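Okay, so here's the structure we're looking at.
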Amino acid sequence: MKEFSKNLSKIYSPKDFEERIYKNWEESGYFRANANSGKPPYTIVIPPPNVTGILHMGHALNNTYQDILIRWKRMSGYETLWLPGTDHASISTEARVVAALKNEGISKKNLGRDGFLEKTWEWTREYGGAIINQLKKLGSSCDWERERFTMDEGCSGAVQKVFLKLFADGKAYRGLRIVNWCPECKTSISDIECDYEEKAGHFWHIKYPFSDNSGFIEIATTRPETMLGDTAVAVNPDDQRYKHLIGKTLILPLMEREIPIVADEYVDKEFGTGAVKITPAHDPNDFEVGQRHGLPVINVMDETATINQNGGKYNCLSRYEARKAIVKDLEEAGLLIKVDEHIHNVGACSRCDTVIEPWASVQWFVKMGELAKPAIEAVKNGRIKFIPKRFENSYLSWMENIRDWCISRQLWWGHRIPAYYCINPDCNHLEVTGESPEAVLEAKCVKCGDNLKQDEDTFDTWFSSALWAFSTLGWPEETEDFKKFFPTQTLVTAPDIIFHWVARMIFSSLEYTGEIPFDTVLFNGIVRDNQGRKMSKSLDNGVDPLEIIDKYGADALRFMLVSGNAPGNDMRWSEEKITASRNFANKLWNAARYVLINLPDDFKPEKSEIPKVLNIEDKWILTLYNKLVKDVTHNLETFELGVAAGNIQDFIWNIYCDWYIELTKPRIAEGGETALAAQNILVYVLKGMLKILHPFTPFITEEIWSAIPNSDKSIMISNWDKYDEKLNFKQESQDFGKIIDAVSAVRTKRAELNVPPSKKVALEIETVRENFSLFENSTAFFERLAFASSVSLIEKVDSAEGKAVAVTDTARIFMPMGELVDTEKERARLEKELAAVQSDIDFVMKQLNNKNFIEKAPAAQVEKAKEKLHKAEEKAGKIKASLEAL
RNA sequence: GGAGGCGUAGCCCAGCUGGUCAGAGCGCUUGCUUGACAUGCAAGAGGUCGUUGGUUCAAGUCCAAUCGUCUCCACCA
């Protein structure tokens with residue numbers, strides 16, 4: 001065992017020990033979870049950061065929450081597993097690698113699929129470790145031996161297994177649909193990867209002439225270039241203006257193609273001209289209208305949103321060039337009626353901000369209807385709880401209106417879809433199989449014997465993240481880990497991925513494992529900048545957690561991130577807050593240093609126990625510590641991490657440091673039995689404080705802990721204290737409150753009179769005889785903390801002449817100040833004080849005189865009011881007496 | 001168009017199921033080299049809890065309306 005060191009460095013310098021401590025933890029294996037343990041499990045799976053990502057404040061907040069819960073549960077006797085890992089983030093990683101290759105003058109296409117994947121794996125291996133190491137700097141107690149990656153063998157196996165099952169059950173299907181297409185990323189993206197923004201645009205009103213030359217119909221569009229693919233014009237069947245035209249045909253301008261006028265309920269009579277051009281290949285609603293009326297789908301753009309050969313003379317123009325050219329040509333042809341300014345929502349790729357092109361293409365989808373039902377039920381019936389609860393609303397409304405999920409992406413980095421197509425166009429056989437691609441391709445088409453080719457696409461990243469809660473534990477195998485740690489308990493995440501991730505994990509888990517993936521979802525808010533804006537690259541207002549850790553320490557950062565913050569609420573970043581947290585750490589450091597320095601050399605802190613004989617102040621601090629344990633535990637149980645942190649800070653600073661340490665100083669100075677007793681309590685409570693604070697600020701608590709020899713080698717594996725009724729000294733702690741009040745009252749009075757601490761004054765304390773021994777035994781406190789030269793007890797002071805008086809509920813304390821007391825000022829002060837007490841009395845009297853209150857309020861409430869009145873009246877009496885004596 | 005959050009001391013925010021909740025931190029004022037800490041100690045000033053109604057014996061705390069602000073969802077061409 002390590003020597004009892006006593007010598008914490010004079011300056012709190014987290015840099016000196018944080019790294020060392022983390023290494024020790026890792027080496028000692030405390031982070032490791034044991035699947036064979038008999039303890040109840042507590043599991044959190046990390047929201048896997050992007051493999052190429054770097055730690056930002058959001059990660060810091062999210063992981064601080066998780067680590068607090070994990071460390072608390074670990075100390076509370078659970079077999080805890082915090083499972084870490086990273087996400088392959090297909091679209092984001094692929095974009096980064098493409099960009100990096102571009103700098104080297106290499107194109108993805110030239111490199112080929114295999115070459116590109118090789119490069120991307122290299123990239124992943126090179127940069128993938130970065131965020132993991134950064135999480136370690138934060139103090140995250142993850143089980144690193146269980147670290148997973150969404151594209152590792154196990155997770156990939158789970159993805160395949162799930163897809164095969166979905167396909168077999170008819171819940172995964174392939175079809176021609178309108179998807180959100182990003183012409184920059186050259187892939188489809190899902191609805192929730194598309195961000196809408198209001199933009200100023202135009203509303204072009206165009207003439208579509210009738211085939212029979214009998215005039216024209218006026219349509220309006222915001223995207224004239226799509227008219228190249230128009231295959232109809234639709235009107236509302238009830239629209240009197242157009243009813244008679246239904247069935248007539250039009251000549252599509254510029255393309256000179258004949259298209260029909262169809263009737264469809266979808267058309268809003270009130271909007272625009274009431275006649276809508278229908279472009280089934282480039283608009284989701286038009287696509288549906290097209291389906292209903294059997295209209296052809298003419299795709300006029302390629303994957304880069306450039307007009308293709310179906311666009312006639314506009315072939316090879318970009319969509320915006322084409323728009324310009326088309327408008328010009330229409331104008332010249334006299335077909336442009338007018339152009340209105342129009343503000344509308346334009347969808348953009350959430351990844352690269354390129355305007356989305358709704359585009360008809362063949363994609364894979366997951367049928368959501370059946371999957372959503374149990375996922376809705378699980379949240380509705382409370383099997384899964386959201387904290388705060390309000391986020392259940394958005395979850396439910398999304399789930400209840402869910403649309404099929406497009407899961408195929410035209411990317412290479414990701415899980416390749418295990419679907420194979422016969423190359424013979426007459427056969428067109430589709431095979432979905434878990435066999436190795438080599439074997440499948442070797443085997444040829446089972447129907448016609450022709451060659452097969454594998455689907456070029458990969459799955460949406462979220463398709464694999466959706467399985468994270470169980471694929472990481474070994475599913476589909478019935479592994480020890482899966483049996484022990486699944487379902488997990490708490491998911492800690494940000495509200496912006498409720499749909500992307502949380503919802504999909506819930507329905508996936510229920511569908512494939514039959515279990516909920518977790519029972520509680522705790523949401524953390526967003527860390528904003530000091531002006532309340534989101535931290536973003538474009539604003540360059542991000543704060544780097546690593547720089548903050550370097551400057552203030554990980555503990556200060558962690559403590560700042562949880563302090564004064566409620567679950568799900570956003571918070572503002574400010575340098576002042578972090579210095580406040582650092583100062584708190586410094587305060588604890590110095591308090592510990594003081595306690596340790598003052599222990600005798602032969603003190604055995606590892607055996608520090610509560611002494612048999614306790615002073616009143618000892619009982620007082622023990623009672624308050626005991627209450628702290630109860631409060632903090634309760635607040636952690638209800639996920640009120642910010643409140644818990646506040647409880648602890650208040651106790652350490654305002655109770656332990658400001659009072660208890662000061663109260664014990666005279667005893668330490670005195671030495672002997674009473675000093676030893678005080679030292680034991682000081683150490684006992686210090687150790688308790690360290691333990692309860694440890695989940696929040698793991699490094700400093702471990703460093704101080706290790707300076708005190710303990711039976712537990714690391715505070716990480718020490719036991720979380722439980723509320724103990726034996727430590728609840730109700731009477732004594734209440735009594736001691738009277739001493740605290742009296743000391744404070746004297747200090748206040750002295751401050752009002754500007755008496756320097758160096759001027760000691762003899763105190764005369766007037767109180768009832770029952771309190772005499774309480775106050776007499778506290779003489780040393782008055783001497784030290786209230787600058788008393790002596791203390792005398794008296795039942796009734798006759799003359800207050802030349803004396804200042806401090807009044808509490810239980811006592812009047814007289815201080816002979818001679819000329820310092822200005823009678824007039826003193827009178828004014830006392831009158832002010834009396835007025836304050838009197839307003840309390842009036843308030844309570846009013847309450848007690850209210851018949852309804854007496855009758856309807858709970859008895860305890862009435863009792864409380866009476867007690868309050870009693871106290872206030874006593875105090876008022878004391879102040880009045882003092883006034884009279886002036 | 002729909003849903004939700006926020007609006008409490010100069011600033012940043014806590015206030016869980018209505019009754020010691022009117023609070024913390026920062027800032028401010030005054031006084032302190034009180035041998036752990038000036039990254040500190042002591043004391044103090046500051047708010048009729050956005051506004052207006054309602055429910056209740058009792059409302060920052062529940063309900064309604066309203067103003068301001070932010071976010072999410074939908075996306076009518």
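Bear in mind the structure is a predicted one, so any value in this text is a computation, not a measurement. Naming convention: chains lettered A, B, ... in sequence-line order (proteins, then strands); numbering from 1 in each chain.
- Between A:K587 and B:C41 there is a side-chain N or O to OP1 or OP2 distance below 4.0 Å.
- Taking 4.0 angstrom as the limit, A:R572 places a side-chain polar atom (N or O) nearer than this to OP1 or OP2 of B:C12.
- Going from the C1' atom of B:G46 to that of B:G25 covers 15 Å, rounded to whole Å.
- At B:C11, none of the side-chain N or O atoms of A:S574 fall inside 4.0 Å of OP1 or OP2 (strictly under the cut-off).
- Note on A:G564: only backbone sugar-phosphate atoms sit closer than 4.0 angstrom, heavy atoms only; bases stay farther off.
- Checked against the 6.0 Å centroid threshold, A:F391 and A:F386 do not count as a close aromatic pair.
- Remark: C1' of B:G25 and CG of A:N586 are 16 Å apart, rounded to the nearest angstrom.
- Contact annotation: A:R533 side-chain N/O to B:U71 OP1/OP2 distance is not under 4.0 Å.
- Using a 4.0 Å heavy-atom cutoff across all strands shown, A:H342 reaches sugar-phosphate atoms only and no base atom.
- A:I343 places its CD1 atom 12 Å from the P atom of B:A77, with the value rounded to the nearest Å.
- Within 4.0 Å (heavy atoms only), A:Y266 reaches at least one base atom of the nucleic acid.
- Heavy atoms of A:I661 sit under 4.0 angstrom from at least one base atom.
- With hydrogens and angles ignored, a donor-acceptor pair under 3.5 angstrom links the side chain of A:E662 to the base of B:A36.
- For A:F203, the ring pair (Phe, Tyr, Trp, His ring centres under 6.0 Å) partners two or more places apart in sequence, or in a different chain, are A:H205, A:F271, A:H342.
- Phosphate contact (OP1/OP2 of B:A36, side-chain N/O of A:K665, threshold under 4.0 Å): present.
- A sub-4.0 Å separation between OP1 or OP2 of B:A3 and a side-chain N or O of A:N401 is absent.
- Residue A:N583 places at least one side-chain N or O under 4.0 Å from the OP1 or OP2 atom of B:G40.
- Judged by distance alone, with hydrogens and angles left aside, A:N850 brings no side-chain donor or acceptor close enough to the base of B:C57 to form a pair under 3.5 Å.
- Distance alone, capped at 3.5 Å, is enough to place a donor-acceptor pair between the A:H282 side chain and the A:V300 backbone.
- Separating the P atom of B:C67 from that of B:A58 is a span of 29 Å, rounded to the nearest Å.
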Open item on the list: Can you give me the dot-bracket string for RNA chain B, 5' to 3', counting Watson-Crick and G-U wobble pairs with both distances under 3.5 Å, using [ ] for crossing pairs and | for partners on another strand?
Closed with: ((((((((.[[.[.)...(...].]].(((((.......))))).....[[[[[..)....]]]]])))))))....

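- In this model, no donor atom of one side chain and acceptor atom of the other lie less than 3.5 Å apart for A:E400 and A:Y395.
- In this model, the phosphate group of B:C76 is approached by a side-chain N or O of A:N285 to a distance below 4.0 Å at OP1 or OP2.
- Residue A:W573 places none of its side-chain N or O atoms closer than 4.0 Å to OP1 or OP2 of B:C12.
- Using a 4.0 Å heavy-atom distance criterion, A:N754 is classed as a sugar-phosphate-only contact.
- A:N565 places its CG atom 6 Å from the P atom of B:A14, with the value rounded to the nearest Å.
- Among the protein residues, A:D658 comes within range of the sugar-phosphate backbone only, with heavy atoms under 4.0 Å from sugar or phosphate atoms but none that close to a base.
- Distance alone, capped at 3.5 Å, is enough to place a donor-acceptor pair between the A:N236 side chain and the A:V267 backbone.
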